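In what follows, a single structure is set out as structure tokens and then discussed.
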Amino acid sequence: MIALACDHTGVALKGEIAKMLDEMGLEWKDFGNYDAANRDDDYPVWGYKAAQAVASGECDRGILICGTGIGIGIAAGKVKGIRVCTCSDVYSAELSKRHNNSNILTMGARVVGSELAKMIARHWLTAEFEGGRHQRRVDMITAIENGTFSAD
Ligand code: RB5
């Protein structure tokens, strides 16, 4: 199950991504916003809802959209267990899964066109985490999050 969320800037792109997920045979759940005209909405609300769903295991991963992808990504990344990649290129998206085991992809609706966004999302969704030395590094990130990391 893929968590989808966006602020008002991302409603149209989120719809395109949902259509692509349907074509890929992947299930998704939309945590809002649903209203592109509501320019007063706050991206942390939507980022938090989707990130909670991923962190709790209700969803396996998430694709979140705001104007730049940055604000919603910062908000989602504050939730324990979330590793966000904010991407506007395919290489970073794929490597963020293979090396960082990112569980939320964010994109900027004002940064990438819908075809590029779908290509980025497809690469991210189909890439596999490589584990090994990358697992050690992801474990260090988790230790930082838990306050148990020592850099010495
Ligand atoms: C909304 O205008 C905009 O600030 C938001 O979509 C996002 O780009 C924030 O990072």
Side-chain angles (χ1 to χ4, degrees), residues 1-24 26-127 129 134 137-147 149:
M1 180 74 71
I2 316 287
L4 294 180
C6 66
D7 71 358
H8 60 280
T9 67
V11 174
L13 179 55
K14 184 177 65 181
E16 294 284 321
I17 297 284
K19 225 181 297 170
M20 187 195 78
L21 295 177
D22 287 340
E23 286 160 13
M24 293 174 78
L26 295 172
E27 287 189 312
W28 50 271
K29 182 170 175 181
D30 188 349
F31 290 86
N33 171 2
Y34 313 103
D35 180 7
N38 177 14
R39 298 187 62 215
D40 232 11
D41 73 334
D42 301 314
Y43 56 80
V45 172
W46 318 112
Y48 177 73
K49 286 185 180 196
Q52 280 286 43
V54 174
S56 72
E58 180 189 353
C59 293
D60 309 301
R61 48 204 160 163
I63 300 177
L64 281 46
I65 300 159
C66 68
T68 57
I70 293 172
I72 204 163
I74 292 173
K78 296 293 179 191
V79 174
K80 205 173 161 78
I82 296 302
R83 289 177 300 280
V84 173
C85 61
T86 300
C87 295
S88 51
D89 72 278
V90 166
Y91 180 82
S92 304
E94 185 175 321
L95 267 288
S96 80
K97 185 74 178 109
R98 285 170 49 188
H99 289 188
N100 317 120
N101 204 14
S102 58
N103 50 13
I104 287 191
L105 164 68
T106 73
M107 293 184 287
R110 292 170 173 164
V111 178
V112 291
S114 65
E115 290 306 313
L116 176 57
K118 285 189 284 184
M119 190 181 283
I120 290 168
R122 238 185 346 259
H123 277 256
W124 183 71
L125 288 164
T126 53
F129 179 51
H134 301 296
R137 293 159 186 168
V138 170
D139 289 344
M140 288 177 174
I141 294 170
T142 303
I144 293 170
E145 185 174 68
N146 291 334
F149 183 66

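Since the model is a prediction, treat every value here as computed from it, not as a measurement. Start at 1 and go down the list; that is how both ligands and their atoms are numbered.
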Flag if over 12 foreign heavy atoms under 6.0 Å of CZ, F129: yes
More than 12 heavy atoms from other groups under 6.0 Å of NZ on K97: yes
For N33, the option from T9, D7, D41, D42 that meets side chain to side chain donor-acceptor pair (under 3.5 Å): D41
Output block, N or O contacts of ligand 1, threshold 3.5 Å exclusive:
| from | atom 1 | to | atom 2 | distance (Å) |
| --- | --- | --- | --- | --- |
| ligand 1 | 2 (O) | R110 | NH1 | 3.4 |
| ligand 1 | 6 (O) | D7 | OD2 | 2.6 |
| ligand 1 | 6 (O) | G67 | N | 2.7 |
| ligand 1 | 8 (O) | G67 | N | 3.2 |
| ligand 1 | 8 (O) | T68 | N | 3.0 |
| ligand 1 | 8 (O) | T68 | OG1 | 3.3 |
| ligand 1 | 10 (O) | T68 | OG1 | 3.3 |
| ligand 1 | 10 (O) | G71 | N | 2.9 |

Polar side chain donor-acceptor pair, D89 to S92, under 3.5 angstrom: yes
Stepwise side chain to side chain contact (heavy atoms under 4.5 Å, CB included) test for V112 and I120: CA-CA 10 Å; V112 291; I120 290 168; 4.2 Å; yes
Cationic N near anionic O, under 4.0 Å, R98 to E94: yes
